[in-house]
Amino acid sequence: MSIPRITIAQAQHHVGELVSIPGWLYNLRKSGKIAFPILRDGSGLMQCVAVKAQLPEALFEDIKGLTQESSIIVTGRIRAEERAQGGFEMDVEQLEIVQRVPETEPYPITPKDHGIEFLMDHRHLWLRSRRQTAIAKIRHEVIKGIRDFFDGNGFTLVDTPIFTPAACEGTSTLFEVDYFEDEKVYLTQSGQLYNEANAMALGKVYCFGPTFRAEKSKTRRHLTEFWMVEPEMAYADLEDVKKLAEGLICFVVDRVLNNRNAELKVLERDISKLESIKAPFNRMTYDDSVKILQERGSEIQWGGDFGNADETLLTQDMDKPVLVDRFPASFKAFYFQPAPEREDVVLGVDVIAPEGYGEIIGGGQRIHDLELLKKRLHDHQLPEEAFNWYLDLRRYGSVPHGGFGMGVERFTAWMCGTEHIRETIAYPRMLYRTRP
RNA sequence: UCCUCGGUAGCUCAACGGUAGAGCAUUCGGCUGUUAACCGAAGGGUUGUAGGUUCGAAUCCUACCCGAGGAGCCA
């Protein structure tokens, strides 16, 4: 009978059994007659114990000579062991070396400290470390949670194009791409306009994919390529959008807390900060937030957008996100519906996360009136012809509608408590970093 | 794009204008319960690049390159 292959995560169900675990050597501690190879397989870490007296001489010598990140398949018996991290150990009976890393070119990332430049240059290897695998799993949980939330609430996934003919919003900088025959296209900065068309077809929709912004932002919260989920609902007003945003955040936070406790521990995340994220969130208008910020010493004037310091200042005494709505029309995109009670503010809403993680959601109610939308296009000096298909949505059964966009990396950074957004995506694209 | 800081061994960092050094990694030796194991030894350098000042530059000056932190812009 062949020996069953398991993962380290499954080891707890195989105590006393002889099993094989394929993986990589994470670290090796050894003395004259005993060695402790630490095995890594992506599901966890397992301390193995190789005792000289119980193994063929050649095998023990091979184990003692193993190099970091060599690929190995270890066979042995699983045992509960208090002294081992994770609570289980494997007594080695056999060890197959799949590829031994040569000592002439040792694995560059040692268990000691490294600088960020070195780690980013070796991102393809850095991903193997405990902290990075924990973040990857939480990102996965966030994405799975988002999809389950929308799928379970009557939304249909409709993917929007990545090549787009022009600016969705007309303002932000876009990456230009050479298409065929002198044509220029741009990498999408939002699927929203297409989402609005899709919502008129299907009622509730979302798109989920990469987004590109050619802004020369150099901060810990910006990537030039990031993932964004954007829901859009027909027959919806600002209040519906706010409830949806709140519901989504609570759902995903709950998922992460329930399913990724071990990873949060690896990251030393303060769990209580996530546990306090429960509806209802704080709500305020832009007007109120400006007053609060000014009282707290911010330079912000009515009509200006929040800086990073403002976002942190606004949420400093909050243990959950805040929904800020009714922004000045002057710095919001052309498609925002004006507030019914006041012309100078629009029905946009931003969700600002606590702990300095900033704006994780931006959205609102869209203009559904054809003439008003045409006027706004004109005011923003955007060419009406380019938006003709978009205007059709107001010609044929227009209804109030709205939605938002949520950045996956910012959300994941918040869940993980990471200092910098770059760790939340496998291969971050930033102002000065496009490799590996 | 602007401001600030930095670039020395594979990595993390020291070194007053006067012989470039430590820890880790690697190699060799020792050790039967280690937890970034420990102990002993060895090898390892055009000090980011190009100029300049000086008897003498890792150190001072200039330019450039690369990176980090922040600002603005934005999710």
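Small disclaimer: the values here were computed from a predicted structure and weren't measured. We name chains A, B, ... by the order of the sequence lines, and we start the count at 1 in each one.
Comparing the same atom, C1', in B/A9 and in B/A20 gives a spacing of 10 Å after rounding to whole Å. Nucleotides B/U47 and B/C60 are separated by 16 Å at their P atoms, to the nearest Å. Comparing the P positions of B/A58 and B/G67 gives a spacing of 26 Å, expressed to the nearest Å. Taking the P atoms as reference points, B/G7 lies 44 Å from B/U32, given to the whole Å. Between B/C61 and B/G29, the two P atoms lie 50 Å apart (nearest whole Å). Going from the C1' atom of B/U53 to that of B/G10 covers 35 Å, rounded to whole Å. The P atoms of B/G18 and B/G56 are separated by 14 Å, rounded to the nearest whole Å.
With respect to the salt-bridge test (charged N to carboxylate O, under 4.0 angstrom), the residues A/Arg83 and A/Glu89 do not qualify. The residues A/Glu232 and A/Arg366 are annotated as salt-bridged, a charged nitrogen and a carboxylate oxygen being separated by less than 4.0 angstrom. For the pair A/Glu69 and A/Arg128, the salt-bridge criterion is met [side-chain N within less than 4.0 Å of a carboxylate O].
Counting atom types as modelled, A/Glu82 pairs no side-chain N or O with a base atom of B/G33 as donor and acceptor under 3.5 Å. The base of B/C74 sits with one of its N or O atoms less than 3.5 Å from a complementary donor or acceptor on the side chain of A/His222.
The nearest whole Å value for the distance from the CZ atom in A/Phe331 to the C1' atom in B/C74 is 12 Å. Per the geometry, CZ belonging to A/Phe306 stands 13 Å off P belonging to B/C74, to the nearest Å. The interatomic distance linking A/Met120 (CE) with B/C66 (C1') rounds to 15 Å, in whole Å. A/Leu431 has its CG atom 13 Å from the C1' atom of B/C74, to the nearest Å. Nucleotide B/G69 holds its P atom 12 Å from the CZ atom of A/Arg221, rounded to whole Å. Spacing between atom CZ of A/Arg83 and atom C1' of B/G33 amounts to 5 Å, rounded to whole angstrom units. Atom CD in A/Glu215 sits roughly 14 Å away from atom C1' in B/U1 (whole-Å rounding). Taking atom CD of residue A/Gln47 and atom P of nucleotide B/G33, one finds them 13 Å apart after rounding to whole Å.
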- request: For nucleotides 24-32 of chain B, just jot down a letter per nucleotide in 5' to 3' order: B, S or -, based on protein non-hydrogen atoms under 4.0 Å.
  value: SSSS---BB
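Judged by the 6.0 Å and 45° rule, A/Lys320 forms no cation-pi pair with A/Phe281.
Ring-plane geometry between A/Phe149 and A/Phe251 is classed as tilted, the angle between the planes lying from 30 to 60 degrees on a 0 to 90 degree scale. Between A/Trp414 and A/Phe411, the ring planes are perpendicular. Angles over 60° get that label, and only those under 30° would be called parallel.
Under 3.5 Å, the side chains of A/Gln68 and A/Thr110 contain no donor-acceptor pair of N or O atoms.
A 3.5 Å limit on both hydrogen-bonding distances identifies B/G21 as the Watson-Crick or G-U partner of B/C13. B/C5 and B/G67 make up a base pair, with Watson-Crick or G-U wobble contacts both under 3.5 Å. Using the Watson-Crick or G-U wobble rule with both distances under 3.5 Å, B/U53 pairs with nothing in any strand shown. Using Watson-Crick or G-U wobble geometry with both donor-acceptor distances under 3.5 Å, B/C73 finds no partner in any strand shown. Base pairing annotation: B/U26 forms a Watson-Crick or G-U wobble pair with B/A42, both donor-acceptor distances under 3.5 Å.
Residue-level contact check: A/Phe118 touches the backbone only, with heavy atoms under 4.0 Å from sugar-phosphate atoms and none from bases.
A/Met430 pairs in a side chain to side chain contact (heavy atoms under 4.5 Å, CB included) with only one of the listed residues (A/Glu225, A/Lys218, A/Met120), which is A/Met120.
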